[in-house]
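Have a look at the structure below before the remarks.
First listed ligand is number 1; within each ligand, the first listed atom is number 1.
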Amino acid sequence: MASITEVSLSEKIKELKKKQEGVIVAHNYQIGEIQDLADYVGDSLGMAKYAATVQSKVILVCGVHFMAESAAIMNPKKTVLVPDLEAGCSLSECITVEQLQAWKKEHPGAVVVTYINTSAAVKAESDICCTSSNALKIVESIPQDKEILFVPDMYLGQWVRTQSKRKIHLWNGSCHTHVRIRPEPIEQLKKEHTSAEFLMHPECGCLTACMSMADRILSTDGIIKRAKESTAKEFIIATETGILHRLKKENPDKIFYPAAPEATCEFMKKNTLENVLWSLEDIQYEVTVPEDIAIKARQALERMMAIS
Ligand code: 13P
């Protein structure tokens, strides 16, 4: 049950949201209290699509930095805020724009498919973006004779390469939270809960070892949708633990076992009710993307949106 402080903070945030003509867009990994307050909760693709349609003056993005950049790119006339500037993404730090430029020189003519978990500058150097929910579809849309450079998540890239059987070069990047998810505890959970469905995010470090064990490999929204639709009563969930809030809330009659209870992203958890309140009160911290970068990054994002 929420404490009195949480209730009053939530009420103040709702008032401020109205006063500042703002909306809150939250990722599935945010703390439950923020998810419950948000106007939209979803995966990276859903957040970017929603942000593009927002009419209100202010978009407060509760997630990590690249998600706010995507909102600023897709809806440049709005004031895009984040509650904490330190909420970065380890995966997006895995590749710089200079590294991508150098890699492209080694593979002239290759198509660059860039995961949305990257900086705006890296997106601007890319041909098309993808998210965990559409990566396979995006790769399949590229002509067969083209080589593909996939950045920066090697596990998602590896999964897409296996599924599509395409010539894909992988960047050696990974998410520091998803690499903590190991196969042994999953094997144990599967032994203990034989009828549980095993749903896994493609960023998981144990992807190769667990691919054949997984019932489905899905984005965070995909996991939520599947859990609702499935007739199974128990699920093993391999991704960041923030997703359990929505899973439990939307399926009170089902049981969810985290594959790794320690898989918590400290950057996602930088956002709290307190700094959400301060953010709306002081209209801070604004995230902007320089126009020359935004124009090119928008093209890569819009090409993705057209296919998703
Ligand atoms: P989703 O797009 O599946 O929500 O994944 C985003 C992410 O950052 C996973 O670490």
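- Residues satisfying the side-chain hydrogen bond (donor to acceptor under 3.5 Å, both in side chains) test with Arg216, not counting sequence neighbours, are none.
- Between the side chains of Ser92 and Asn117, no donor N or O sits under 3.5 Å from an acceptor N or O.
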Quick one: table the atom pairs, ligand 1 N or O against protein N or O, below 3.5 Å, distance rounded to 0.1 Å.
unit_1: ligand 1; atom_1: 2 (O); unit_2: Ser44; atom_2: N; d: 3.1
unit_1: ligand 1; atom_1: 2 (O); unit_2: Ser44; atom_2: OG; d: 2.8
unit_1: ligand 1; atom_1: 2 (O); unit_2: Ser132; atom_2: OG; d: 3.4
unit_1: ligand 1; atom_1: 3 (O); unit_2: Ser132; atom_2: OG; d: 2.6
unit_1: ligand 1; atom_1: 3 (O); unit_2: His201; atom_2: NE2; d: 2.8
unit_1: ligand 1; atom_1: 3 (O); unit_2: Thr220; atom_2: N; d: 2.9
unit_1: ligand 1; atom_1: 4 (O); unit_2: His27; atom_2: NE2; d: 2.6
unit_1: ligand 1; atom_1: 4 (O); unit_2: Thr220; atom_2: OG1; d: 2.5
unit_1: ligand 1; atom_1: 5 (O); unit_2: His201; atom_2: NE2; d: 3.3
unit_1: ligand 1; atom_1: 8 (O); unit_2: Asn117; atom_2: ND2; d: 2.9
unit_1: ligand 1; atom_1: 10 (O); unit_2: Glu203; atom_2: OE1; d: 2.9
unit_1: ligand 1; atom_1: 10 (O); unit_2: Glu203; atom_2: OE2; d: 3.1

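- The distance between the ring centers of His193 and Tyr257 falls below 6.0 angstrom.
- Lys233 pairs by the salt bridge (Lys or Arg N to Asp or Glu O under 4.0 Å) definition with Asp253, not counting sequence neighbours.
- Between Thr220 and Ile243, the shortest heavy-atom contact is O-CD1, 3.6 Å.
- Under the side-chain hydrogen bond (donor to acceptor under 3.5 Å, both in side chains) criterion, Ser126 pairs with Thr114, not counting sequence neighbours.
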